[in-house]
Amino acid sequence: MLILLQRTTPRGLKFVLDKEWALKRTLVFFSPSILPSKRNGGRRMPPKKKEVEGPGPLLGRFGTSLKCGIVGLPNVGKSTFFNVLTKASAPAENFPFCTIDPNENKVAVPDSRYDFLCEHWKPPSCVPAYLHVVDIAGLVKGAHEGQGLGNAFLSNISACDAIFHVVRAFEDEDVTHVEGDVNPVRDLEIISEELRLKDGECLKKAMADQEKVATRGGDKKRKPEMECLVKVREVLEEEKKDIRFGTWSSGDIEVLNKHLFLTAKPVIYLVNLSEKDYRRKKNKWLSKIKEWVDSRDPHALIIPFSAGLELKAAGKYRQQGRNYIVEDGDIIFFRFNAGAGLTTKKK
Ligand SMILES: Nc1ncnc2c1ncn2[C@@H]1O[C@H](COP(=O)(O)OP(=O)(O)OP(=O)(O)O)[C@@H](O)[C@H]1O
Ligand SMILES: [Mg+2]
């Protein structure tokens, strides 16, 4: 299936994105997976292809731009990752809650078909497909009730189509961890629980609104919406699952897309390693993280990387213009054109 849609405008070529494709593709930025597979008892080997059930339908509104929010505990490397990915210079200092207002930038998605078409037709202007990236303030336990920076972050996440969930797997005594020690599995649990709890709250409000209209007002058209919300409650509260793992009819999906629930969004897990661990392709948390993701979010992508190393490399190779590949010892970096400058949205 041709996923990149080509638009010919009077002034030249314009590319727009298919979200599912872009989600998978953008992270070509990083080196290939170094995760140990389950079957080989945790030893490092190329992942074997398993015949498993495919993921369910992607929830979310159809559109021509894709926005990914970077989510995680404070001080885990979200802004560092954002800066590297989008060649921005958002503050990324060593203290929790360094980021308060979200930073936004866009990054051109590398595509050889786009390069070929530009080269071949030489149009007066070429507009690549962009991924929009939002660096969001760190979340802590109880954030849904206003702990840490409170609830403001939630509207930032709900405005995104997908989530980059960053977890810290690097040890560094000088970098404060809000939970006191490094334990990415616990951290994954904290963040996913917060998102689920917040969805529970939004659901309550939505149900109260619907109840007024559907039951008291007697508007029969609204009944299916209420039925869908009851199903959402079962998934969230009884099954304790994220909304995207429920079984939804096309009617349900329409209702879900109206409410922009946080746990309906697809997640890519980014494991931030130390430079040393990334180079030697080893870290004691990787297999535990994979186990957690496999049990909670079976089709999700996990990408180990080192924000520190990427940042160093970004500085080193900043001079180069177009998309390019560089080798640094045993590491290959894919670098591509960044976007149109950083914006910070004040609340
Ligand atoms: N892989 C790594 N190895 C060592 N240090 C790192 C790594 N990644 C990030 N850091 C350091 O961790 C500190 C916090 O990084 P950063 O500001 O990006 O975190 P953050 O998640 O955006 O925090 P906040 O939520 O407070 O905004 C910085 O000093 C950064 O240099
Ligand atoms: Mg930050």
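Order of listing sets the numbers, starting from 1, for every ligand and every atom in it. Here the structure is a predicted model, which is why all the values come from computation and not from measurement.
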Check whether any heavy atom of [X] sits under 4.0 Å from an atom of ligand 1.
X    : result
P96  : yes
L273 : yes
F95  : yes

Any side-chain donor-acceptor pair under 3.5 Å between [X] and [Y]?
X    : Y    : result
H177 : D187 : yes
E225 : H259 : yes
N75  : N94  : yes

- Is E254 salt-bridged to K258, cutoff N-O under 4.0 Å? no
- Message: Using a strict threshold of under 4.0 Å (side-chain N to carboxylate O), is an ion pair present between K141 and E193?
- Response: no
- Message: Could you list the cluster mates of V175? Members are the ILVMFWY residues connected by side-chain heavy atoms closer than 4.5 Å, either directly or through other members.
- Response: F170
- Report the member of I70, N75, V76 with the shortest heavy-atom distance to atom 24 (P) of ligand 1. N75
- Note on the structure: Sorted by chain and number, protein N/O/S atoms nearer to the Mg ion (ligand 2) than 2.8 Å are S79 OG, T99 OG1
State whether the shortest distance between N or O atoms of [X] and N or O atoms of ligand 1 falls below 3.5 angstrom.
X    : result
P74  : no
F170 : no
A137 : no

- Item | Result of checking K265, R296, K198, R196 against D242 for salt bridge (Lys or Arg N to Asp or Glu O under 4.0 Å) | R196
- V271 and its side chain to side chain contact (heavy atoms under 4.5 Å, CB included) partner, picked from V166, I302, I303: I302
